[in-house]
Amino acid sequence: AVILATGGMSYPRTGSTGDGYRLAAQAGHTIVPLRPGLVPLVLREPEASRLEGLSLRNVRATLYQGTRRLASEFGEMVFTADGVSGPIILTLSMVVADALARGPLRLQLDLKPALEEQELDQRLQRDQVALGRATYGTLLKGLLPRLLIEVFALRSGIALDTHLSQFSAELRQRTLRLLKAFDWTVTATRPIDEAIITLGGVSTREINPATLASRRVAGLYLAGELIDIAGDTGGYNLQAAFTTGYLAGESASRAIAAAHPAECAAGECAVF
């Protein structure tokens with residue numbers, strides 16, 4: 001019995017360079033195309049680089065392709081040198097690699113998901129009255145992290161030194177819409193060697209789910225990320241690796257014991 005558990009193509013510096021896919025293919029298995037999973041995303045807009053290191057908490061990020069909503073997550077994210085990462089972005093990335101083949105994606109950030117539009121509008125009006133002769137920049141300081149203020153104002157088209165006495169209902173609505181829908185364009189994922197997991201791999205149709213035995217080669221078992229299985233971030237992929245490895249080991253041992261009952265009963269049956 002042989003167990004093939006060489007891992008995916010992510011983190012190649014650990015030795016997981018995709019050799020298992022080649023071996024499985026040589027044994028006659030179908031390899032579902034390999035793509036990066038749980039990976040940072042690249043944004044088109046150049047101003048994203050000005051936000052590098054900015055972490056946003058309690059925001060909602062939603063992916064759209066045209067008007068179609070692909071996925072949405074609430075939580076924490078961070079801007080990188082050329083895009084975005086963090087827990088909710090990594091989870092959203094699971095659908096990005098395939099969707100990008102059909103064109104660019106829109107990443108919409110709701111910076112105030114706890115407030116409905118009417119509630120947010122009322123808050124903006126209260127802040128405008130309370131701040132009196134202050135400027136638009138002062139108003140934004142109470143709403144956004146410091147690093148985001150200049151980029152937000154640039155996108156809104158409202159100068160930071162605009163006095164709130166000149167802050168019309170139209171400008172307030174423009175600010176409200178941007179707080180609820182701060183859009184970015186996703187053009188790519190980072191490379192697969194920066195991904196946490198590899199999507200794709202040996203087709204599950206060619207593996208017995210009860211034993212993880214190959215349906216193509218007798219005595220061959222497959223486990224871990226080599227198989228076309230994937231989970232969200234949060235330990236699910238580690239659990240899949242542990243569970244499939246355990247099951248493959250148990251199944252291989254039982255198969256050896258069944259094939260050599262006398263030797264195993266006498267303690268002469270070795271499993272490596």
Side-chain angles (χ1 to χ4, degrees), residues 40-93 104-187 233-234:
L41 304 178
V42 178
L43 301 179
R44 173 184 292 166
E45 290 77 9
E47 62 264 31
S49 62
R50 297 166 59 178
L51 301 176
E52 182 178 5
L54 172 63
S55 179
L56 298 177
R57 296 182 178 179
N58 301 320
V59 297
R60 177 163 292 281
T62 306
L63 275 174
Y64 291 92
Q65 190 151 51
T67 58
R68 183 186 174 199
R69 183 177 180 269
L70 301 181
S72 185
E73 293 290 334
F74 172 83
E76 185 174 351
M77 58 171 286
V78 63
F79 282 87
T80 63
D82 63 356
V84 284
S85 186
I88 62 174
I89 298 300
L90 295 179
T91 299
L92 290 175
S93 75
L105 304 175
R106 176 164 53 96
L107 177 66
Q108 186 174 95
L109 302 182
D110 183 347
L111 301 173
K112 298 294 179 183
L115 297 175
E116 297 295 335
E117 289 194 8
Q118 183 178 358
E119 295 174 308
L120 184 56
D121 188 39
Q122 291 171 350
R123 175 180 171 176
L124 290 174
Q125 292 183 62
R126 289 196 302 269
D127 289 351
Q128 182 179 358
V129 171
L131 292 171
R133 296 184 179 182
T135 63
Y136 185 56
T138 304
L139 175 71
L140 292 184
K141 285 180 182 178
L143 295 166
L144 300 169
R146 178 182 57 82
L147 277 177
L148 188 56
I149 290 174
E150 189 173 341
V151 171
F152 185 95
L154 182 66
R155 185 80 69 89
S156 73
I158 306 171
L160 286 171
D161 59 359
T162 300
H163 287 281
L164 293 181
S165 59
Q166 303 170 318
F167 197 57
S168 64
E170 190 277 327
L171 295 184
R172 190 178 72 249
Q173 286 300 312
R174 195 188 305 177
T175 301
L176 185 155
R177 287 193 297 270
L178 197 55
L179 286 169
K180 297 296 287 183
F182 198 26
D183 288 354
W184 302 84
T185 307
V186 179
T187 57
T233 184

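Worth saying up front: this structure is predicted, and the values here are computed from it rather than measured.
In this view, E150 and R50 satisfy the salt bridge (Lys or Arg N to Asp or Glu O under 4.0 Å) rule, not counting sequence neighbours. Annotation: side-chain contact (heavy atoms from CB on, under 4.5 Å) contacts of D121 (sequence neighbours excluded): Q125, R172, Q173, L176. Every residue two or more places apart in sequence or in another chain was checked for a side-chain hydrogen bond (donor to acceptor under 3.5 Å, both in side chains) with E119, and none qualifies. Residues passing the side-chain contact (heavy atoms from CB on, under 4.5 Å) test with Q65 are L70, A99, R102, L105, sequence neighbours excluded. Residues that satisfy the salt bridge (Lys or Arg N to Asp or Glu O under 4.0 Å) test with K112, not counting sequence neighbours, are absent from this structure. R177 meets the salt bridge (Lys or Arg N to Asp or Glu O under 4.0 Å) test with no other residue; sequence neighbours excluded. Shown here are the side-chain contact (heavy atoms from CB on, under 4.5 Å) partners of T91, two or more places apart in sequence or in another chain: E73, D232, T233. Every residue two or more places apart in sequence or in another chain that forms a side-chain contact (heavy atoms from CB on, under 4.5 Å) with S168 is listed here: E170, L171. Residues forming a side-chain hydrogen bond (donor to acceptor under 3.5 Å, both in side chains) with T185 (at least two apart in sequence, or on another chain): E45. Residues satisfying the salt bridge (Lys or Arg N to Asp or Glu O under 4.0 Å) criterion with R69, sequence neighbours excluded, are absent altogether.
Among all heavy-atom pairs drawn from P104 and R44, the shortest one is CG-NH2, 3.8 Å. The two atoms that bring L164 and L131 nearest to each other are CD1-CB, 3.6 Å, heavy atoms only. Residues L41 and S93 share a closest heavy-atom pair of CD2-CB, 3.9 Å. Closest heavy-atom contact between V59 and P113: CA-CG, 4.0 Å. For the pair P40 and L90, the tightest heavy-atom approach, listed with the atom from each and the gap, is N-CD2, 3.8 Å. Here the closest non-hydrogen pair linking D183 and Q108 is OD1-CG, 3.0 Å.
Within the 4.5 Å cutoff, the side chain of L143 has heavy atoms near those of the R123 side chain. Proximity of L43 to D82: side-chain heavy atoms (C-beta onward) are nowhere separated by under 4.5 Å. Side-chain contact between I158 and T175 is present, with at least one heavy-atom pair separated by less than 4.5 Å. Taking 4.5 Å as the limit, every side-chain heavy atom of D110 sits out of range of all side-chain heavy atoms of T62. Under the 4.5 Å side-chain criterion, counting only non-hydrogen atoms from C-beta, L144 is in contact with L111. Here the side chains of R106 and L63 are not in contact, with every heavy-atom distance at 4.5 Å or above. In this structure the side chain of M77 never reaches within 4.5 angstrom of the side chain of S85, judged on heavy atoms.
The list of ring pair (Phe, Tyr, Trp, His ring centres under 6.0 Å) pairs with a residue in residues 52-83, not counting sequence neighbours, reads F79-W184. Pairs engaging residues 121-161 under the ring pair (Phe, Tyr, Trp, His ring centres under 6.0 Å) rule: Y136-F167, F152-F182 [sequence neighbours left out].
The CD atom of E117 sits 10.0 Å away from the CG atom of L179 when rounded to the nearest 0.5 Å.
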Mind running side chain to side chain contact (heavy atoms under 4.5 Å, CB included) on R155 and L178 for me, showing each step along the way? CA-CA 8 Å; R155 185 80 69 89; L178 197 55; 3.8 Å; yes
Criterion side chain to side chain contact (heavy atoms under 4.5 Å, CB included) on L107 and I89, from CA distance to verdict: CA-CA 10 Å; L107 177 66; I89 298 300; 4.1 Å; yes
Please evaluate residues V151 and L51 with respect to the criterion side chain to side chain contact (heavy atoms under 4.5 Å, CB included), reporting the C-alpha separation (whole Å), side-chain torsions for both, the decisive distance (0.1 Å), and the verdict. CA-CA 8 Å; V151 171; L51 301 176; 3.7 Å; yes
As a quick check of understanding, evaluate side chain to side chain contact (heavy atoms under 4.5 Å, CB included) for I149 and L160, giving each step before the final call. CA-CA 9 Å; I149 290 174; L160 286 171; 3.7 Å; yes
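Residues R60 and S72 bring a donor and an acceptor atom of their side chains to less than 3.5 Å of each other.
Panel note: side chain K180, backbone L115; a donor-acceptor pair is recorded below 3.5 Å.
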